[in-house]
Structure formats: structure tokens, C-alpha cells
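Read through the structure below, which is laid out as C-alpha cells, and then see the notes.
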Amino acid sequence: MAVSTTFRTAFACLALAGMTAACTTTDGASGSASSAPGVGLTGPVQTQQGLVRGAPGKVEGVMAFKGIPFAAPPVGNLRWAPPAPPQSWSGVRDATQFGDVCVQPPAPQRFPPNAATDTPNFTGMSEDCLNLNIWTPAKRAGENLPVMVWLYGGAYNEGGGNAPFSEGDNLAAKGVVMVTLNYRVGPFGFLSHPELTAENGGASGNQALADAIAAFRWLKANVAAFGGDPNNITLFGESAGAAMNGGLVGAAGARGTFERAISQSGAWMGLGIAQMPKREDMEQRTMQTAQEAFGTTSIAELRALPADQIAGKLRGQGMIVDGKIITEDLSITFANGRQNPVDVLVGSNSDEGSFTSAMGPPTTLESWNNGAQMRWGEHAELGRAAYPASTDAEAAAQAPMPFSDTLAWHMRLFADSQAKIGKNSWFYWFTHEPPYDPDRPDLGA
């Protein structure tokens, strides 16, 4: 079958650079149509909550609308609650600046730094962070352009829709409505607790996925005003964002909120092969950690604590079987064909595991052999046979391969699973090695 416009655009992005940085775009604007070539939407745009005014983007013909709330601020009694509907406003809302990013740890001294907090696009950080950004080349409402929604990576602990490498101007100029959003991260976005489970009818723990779903529903209701097709929404993301995409493709609670997904290096098992954690186990971990850190397990008391204390002492758990959004381990869902019927384009890079070697001490034959039990458990001998090494140099060369191969297998399984239920499915394997700074390790592809 022919590849859709959405997939052609996305794959061109992958082919040109293989990095999210290649998919850069810019600002978007609003409302009343203009027929002048290259002008795009001008004037306020009407959303269900009120009018918004954007500004010209960084590429001619693209307008940008930033910091639009898609849900109510998850503060006070709404901390850890599912996202509530956004509040309406009167007059015209300024949508020319990024909104606050969600609470997370800055990392200005790290390489690379935190792309949400340590960049010129950073305007603030708070729990009032559920906002999205739209870049559109449309000249009028109702043009039915494909919509692409970026979910950032960051190990479930950091990231934001304001990251410079995910600005939407260049991709929007190719003919799509490009969207980035903030979802709650760390212990605000991935936390289970028995009281939360009782509040939410028997489920808790995937607040970040609920945020993303709320954003997709907002787009279904509003994106036509920005020239987008509400029935042609494609998710795309890398690392943790790719894993969330995979999770959302399998999630019963996300059914009908998007049509396609692009996962770059990650799916529902994360970045490896693993069972999904169960809500009950994560509830107990939360209770133990909260008691040790704060001397209480009361949700009311935890909600009364400052956000920085929560961020510093509680841990996020990542995607889990929460009981509502994800109702069973998604490996079972995909094996039985119960996942959402969406098209996918998925894949990984040939040297995915190179960063593990670069971050730690050099791998030697001794350390490689000593780590076999940790890597493969009772199958250690089978692992050694699959990745043989007899010298330090051979051990160093083998060290990244199990990670890379595992992720490639996972992505192929994702593609095969969608093909088996009759959906369009593409699988890629990225091998291009970009230039690297002389003072930095060569990580390959």
C-alpha cells in the first residue's frame, strides 16, 4: 500500500538525519484565514476554551502557537490525579511563548544538558505544565493537513515540548501540523498509591500516559482550527517517548485517540525485554519510600508537600499495568492481537548500545565475563556463545551489541504485531554514522 503523507514526511526526517534534531520546526499562529501566499493563519484562532493568538515561526509561511493548556493545572488535590478538562478564558490568550515545563531535575553540567530546562527556550518550571505547542503551515482552518505529535524522551524523568531540537518549523513547512506537548515526569507522572487507586476507580500510576491521551483528545476537538485533520494524528518519539508510543498503541485507554505511531528506539517493554510492572507492586514501593522519606503515606499529606521535596525523594516507576489505561502486560496484548489498530513505522539504530560503553569504564575480557550472569542469568553460557570474546578488544567490541540487538528485536516484534492485525507497518534499521566532536567518544549510529 502507498505510504501516507504523514509517513513520507516522518521517514524523510529519519533518513536525513536519524536524530530528532533533524526534525526542527518553529512557531504557529491563529485563526482568521488569509489567502496571501506564504502568510498562513493570521488573527486569533478559536479553540473550545477561547481565542489564542500566535506569531510567525522561524520558517516563512509557518505560524506558531505556544503554551496552550490542554488540561487543568494538576496542582493541589489534582496532583497525581488524571488530567481534568482545561479551563476556559475570556479575551485573546497570548500564545507566543512556551509555557512552564513540568517539575524535573535540571542538568546544566551534563553532556548533553537537559533540553527542557537548560536551554534558551526555558521560561519556567512548575506543576502547572500541561500545555502544548502547535506549528502550522495552513492558510486557513479546515485544510485537513496531517498532524504529527512529538513525545519526548528522557528516561521518564525529564523533557519538555520546548526542547530546541523539537521545534516544529521545518517539519511543518513540509506540510504537516506539528505539535509538541508536556506530560508529567518522574514521581508526578508515574506514581501508584492505594489511595490514588481508590480515587480513580481501581487504577493509578500512568499519569503521563493520561496526559498524552488528554492532549490527543484536545487535538481531536481543536486541531481543525489550525488547519489539521483530527482523523489523521500520528504520534512520534524517541527513547522514553518511543516506549510511550508503544505503550499507547497497546493501551486500551488510548483507543481511538490517534491513527498512527512512529517509535524510534523503544516500545512497550521499554528499551529491553521485560515484563511490565504491576500496579500492586508499585503501590507498595511508593508506600515504603514515602514512609522512609516523609514519615507518612497519606496522599493528603503528600499533596501538601512542596513539589521540590516530592521530586527529590520519591521515584517515578515508568509505565505499568495500572488497571485502566493499560489493563494487562502489553506483551500479552500484542501477542493476542488486542492492541489498537493503528499503522506504525518503527525501528532502531545499529549502535544503540554504544552509549553504555562510553559512560562507564572500558570493557575488558574480565569484566565482560564477570558480567555474564547479570546480563543473562541462567542463560549466561548461551550469552557467551552468542557474543564470544577472547581478548579485551573483542570484549569491548561485543559490549554494546546485546543492547542494540535486543532493541532491534523488540522493534521488529512491534512492526510484525501490527502487520498481523492488518495494519500498515514499516520497520527501519538506521546505520548512518554522523560526524562527532574530536573530544567526544564516537558512538557510531
Could you list all the side chain to side chain donor-acceptor pair (under 3.5 Å) pairs where at least one residue sits in residues 309-323, not counting sequence neighbours?
S192-Q317, N206-D322
Charged tip of R93 within 45° of W89 ring normal and under 6.0 Å
yes
Identify the two heavy atoms, one from I233 and one from D229, that lie closest to each other, and give their separation to 0.1 Å.
CG1-O, 4.1 Å
Backbone N or O of G67 within a donor-acceptor pair of the N133 side chain at under 3.5 Å?
yes
State whether E259 and K220 are salt-bridged, where the test is any N-O pair (Lys NZ or Arg NE/NH1/NH2 against Asp/Glu carboxylate O) under 4.0 Å.
yes
Q275, CD atom: more than 12 neighbouring heavy atoms under 6.0 Å:
no
How far apart are the C-alpha atoms of T180 and N162, what are their side-chain angles, what is the distance that settles it, and do they pass the side-chain contact (heavy atoms from CB on, under 4.5 Å) test?
CA-CA 8 Å; T180 67; N162 65 330; over 6 Å; no
Nearest heavy atoms of L145 and P137, plus distance in Å
CD1-CG, 3.7 Å
Taking A254's backbone N and O only, do any of them form a donor-acceptor pair with T257's side chain (distance below 3.5 Å, no angle check)?
yes
Applying side chain to side chain contact (heavy atoms under 4.5 Å, CB included), can you list everything that pairs with A290, at least two apart in sequence or on another chain?
L302, L314
Go through the side-chain N and O atoms of E352 and S265 and say whether any donor and acceptor fall under 3.5 Å apart.
yes
Where do P69 and P86 come nearest, in terms of heavy atoms and distance?
O-CB, 3.9 Å
Taking NZ, NE, NH1 and NH2 as the nitrogens, is one of them in E301 or R79 under 4.0 Å from a carboxylate oxygen of the other?
no
With side chains defined as the heavy atoms from C-beta onward, is the minimum distance between L191 and L196 less than 4.5 Å?
yes
Salt bridge flag under 4.0 Å for residues E127 and R184
no
Beyond-backbone contact of L235 with F216, side-chain heavy atoms, under 4.5 angstrom
yes
Whether the side chain of N114 engages the backbone of P106 through a donor-acceptor N/O pair (distance < 3.5 Å, no angle test) should be reported.
no
When you compare the side chain of L151 with that of L248, does any pair of heavy atoms fall below 4.5 Å?
yes
Decide yes or no for I326 and L209: does some side-chain heavy atom of the first lie under 4.5 Å from some side-chain heavy atom of the second?
yes
Can you check whether F226 reaches T47 side chain to side chain, under 4.5 Å on heavy atoms?
yes
Between E283 and R279, does any side-chain N to carboxylate O distance fall below 4.0 Å?
yes
Interatomic distance, Q207 atom CD to L130 atom CG [nearest 0.5 angstrom]
11.0 Å
Check A240 against G154 and note the closest heavy-atom contact, atom names and distance.
CB-N, 3.9 Å
Under 3.5 Å: donor-acceptor pair, side chain of S354, backbone of D351
yes
So how far is it from Q104 CD to E158 CD, rounded to the nearest 0.5 Å?
6.0 Å
Apply ring pair (Phe, Tyr, Trp, His ring centres under 6.0 Å) to F98 and F122, showing your working.
CA-CA 8 Å; F98 289 110; F122 177 68; over 10 Å; no
Step-by-step side-chain contact (heavy atoms from CB on, under 4.5 Å) determination, M276 to I320:
CA-CA 6 Å; M276 298 191 76; I320 66 165; 5.9 Å; no
Using modelled atom types only, decide if a donor and an acceptor are shared between the side chain of N131 and the backbone of L181 within a distance under 3.5 Å.
no
Considering non-hydrogen atoms only, spot the tightest contact between I421 and P341 and give its length.
CD1-CA, 4.0 Å
Can you tell me how far CH2 of W409 sits from CD1 of I273, rounded to the nearest 0.5 angstrom?
4.5 Å
Check step by step if salt bridge (Lys or Arg N to Asp or Glu O under 4.0 Å) holds for K324 and E199.
CA-CA 13 Å; K324 182 174 288 186; E199 283 182 10; over 6 Å; no
P82 and N200: which non-hydrogen atoms are nearest, and at how many Å?
CG-OD1, 3.4 Å
Any donor-acceptor pair under 3.5 Å from E143 side chain to R140 backbone:
yes
Working note: F236 + Q264, criterion side-chain contact (heavy atoms from CB on, under 4.5 Å); need CA distance, chi angles, decisive distance, verdict.
CA-CA 8 Å; F236 69 128; Q264 299 169 245; 4.1 Å; yes
Are the side chains of V185 and Y156 in contact, using a 4.5 Å heavy-atom criterion?
no
Is the shortest side-chain N to carboxylate O distance from R285 to E280 below 4.0 Å?
no
If you round to the nearest 0.5 Å, how far is CD of E195 from OG1 of T286?
11.5 Å
Assess whether side-chain contact (heavy atoms from CB on, under 4.5 Å) is satisfied between F258 and T234, documenting all intermediate values.
CA-CA 6 Å; F258 61 95; T234 297; over 6 Å; no
Distance (rounded to the nearest 0.5 Å) between Y183 OH and F190 CZ
6.0 Å
For the residue pair S204 and W80, confirm or rule out a side-chain donor-acceptor distance under 3.5 Å.
no
Could you go through the ring pair (Phe, Tyr, Trp, His ring centres under 6.0 Å) check for F414 and F334 one step at a time?
CA-CA 8 Å; F414 191 1; F334 281 90; 5.7 Å; yes
Checking side-chain polar atoms at under 3.5 Å, does Q87 have a donor or acceptor matched by the opposite partner on Q49?
no
Electrostatic pair K420-D416, nearest N-O below 4.0 angstrom
no
With distance as the sole test, does S126 use its side chain to make a donor-acceptor pair with the main-chain N or O of D128 at under 3.5 Å?
yes
Residue pair V147 / N232, side-chain heavy-atom distance below 4.5 Å:
no
Rounded to the nearest 0.5 Å, what separation is found between the CD atom of E328 and the NZ atom of K278?
11.5 Å
Under 3.5 Å: donor-acceptor pair, side chain of N222, backbone of W218
yes
Minimum side-chain heavy-atom gap I332-R338 below 4.5 Å
yes
I'd like to know if the side chain of S404 reaches the main chain of G353, judged simply by a donor and an acceptor atom lying under 3.5 Å from each other, with no hydrogens or angles considered.
yes
So does N77 have more than 12 non-hydrogen atoms from other groups sitting under 6.0 Å from CG?
no
Distance-only, no hydrogens or angles: does the S166 side chain make a donor-acceptor pair with backbone N or O of A163 under 3.5 Å?
yes
For the pair W429 and S348, evaluate side-chain hydrogen bond (donor to acceptor under 3.5 Å, both in side chains) and give the outcome as yes or no after the intermediate values.
CA-CA 6 Å; W429 175 244; S348 60; over 6 Å; no
Establish, from distance only, whether the side-chain atoms of T119 and N121 form a donor-acceptor pair under 3.5 Å.
no
